[in-house]
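Encoded as structure tokens, the structure appears first; notes follow it.
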Amino acid sequence: MVRVGLTTDRLVRAGAELADEVGFAEVTVSALARRFDVKVASLYSHVRNSQDLRTRIALLALEELADRASDAMAGRAGKDALTALANVYRDYAREHPGRYAATQLRLDPQTAAASAGVRHAQMTRAILRGYDLTEPDQTHAVRLLGSVFHGFVALELGGGFSHSAPDSQASWTRVLDALDALLRDWPAPSPTGT
């Protein structure tokens, strides 16, 4: 029998909140059942297992992040758009560390293709077209931006920048300046192609 008030959406949102509190890796159907003070079996009519729950949290987080990025980037181009996108990722990670971790979950190809991850790539590529980057350089630049944004955020959230001056905000600003300069003057491929 399904407990009154429990829906898949409510469980996924509660799982996302739990991820922010205890860490994404700690989210399980059992932990969620304890949160609602119900038996684990009562949740299986809404989610198949803990992996299904984590996948649904990842999809929710990707959607939330894409919506924020779309709003922040509206009407912007070039460095303004790049900065808006970067700040959305950083702010979301600070506000929702567990959900942000969920956005890094590896999804199967079919799920990934139907997710808001596609919107993330489209928004990033829209920014890069403003820098006159075409393929395959767009793909290289998408990977570079994702690596820099995620690497900086992961180090910052882990306390990696808290031990020295200048503060991380000053570094973040300089990193975005450097990325803008690099994208405006994207290097030609090396003669060997490596």
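Both backbone and side-chain heavy atoms feed into the values below; hydrogens, waters and symmetry mates do not. Only a predicted model underlies this, so the values are computations on that prediction, with no experimental measurement involved.
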Could you tell me if the side chain of S50 sits less than 4.5 Å from the side chain of V27, heavy atoms only? no
Heavy-atom pair of closest approach, residues [X] and [Y]:
{"X": "F24", "Y": "A101", "value": "CB-CB, 3.9 Å"}
{"X": "G78", "Y": "I127", "value": "O-CG2, 4.3 Å"}
{"X": "A58", "Y": "A102", "value": "CB-O, 3.2 Å"}
{"X": "S168", "Y": "R90", "value": "OG-NH2, 3.6 Å"}
{"X": "R94", "Y": "L157", "value": "CA-CD2, 4.1 Å"}

Apply the test side-chain contact (heavy atoms from CB on, under 4.5 Å) to residues D132 and W186: give CA-CA distance (whole Å), side-chain angles for both, the deciding distance (0.1 Å), then the verdict. CA-CA 9 Å; D132 293 326; W186 190 257; over 6 Å; no
Go through the side-chain N and O atoms of Q138 and T134 and say whether any donor and acceptor fall under 3.5 Å apart. no
For residues T83 and D80, is any side-chain donor paired with an opposing acceptor at under 3.5 Å? no
Is K79 salt-bridged to D177, going by a charged N under 4.0 Å from an acidic O? yes
Do NZ/NE/NH1/NH2 and the carboxylate oxygens of E95 and R68 come within less than 4.0 Å? yes
Stepwise side-chain hydrogen bond (donor to acceptor under 3.5 Å, both in side chains) check, N49 with Y44: CA-CA 7 Å; N49 51 40; Y44 287 130; over 6 Å; no
side-chain contact (heavy atoms from CB on, under 4.5 Å) between T7 and L11: does it pass, once the steps are laid out? CA-CA 6 Å; T7 64; L11 292 173; over 6 Å; no
Scan for salt bridge (Lys or Arg N to Asp or Glu O under 4.0 Å) pairs involving residues 50-62, sequence neighbours excluded, and state none if there are none. R48-D52, D52-R56
Do other residues, nucleotides or ligands put more than 12 heavy atoms under 6.0 Å from R35 CZ? yes
Is the distance between the ring centroids of W172 and F152 under 6.0 Å? yes
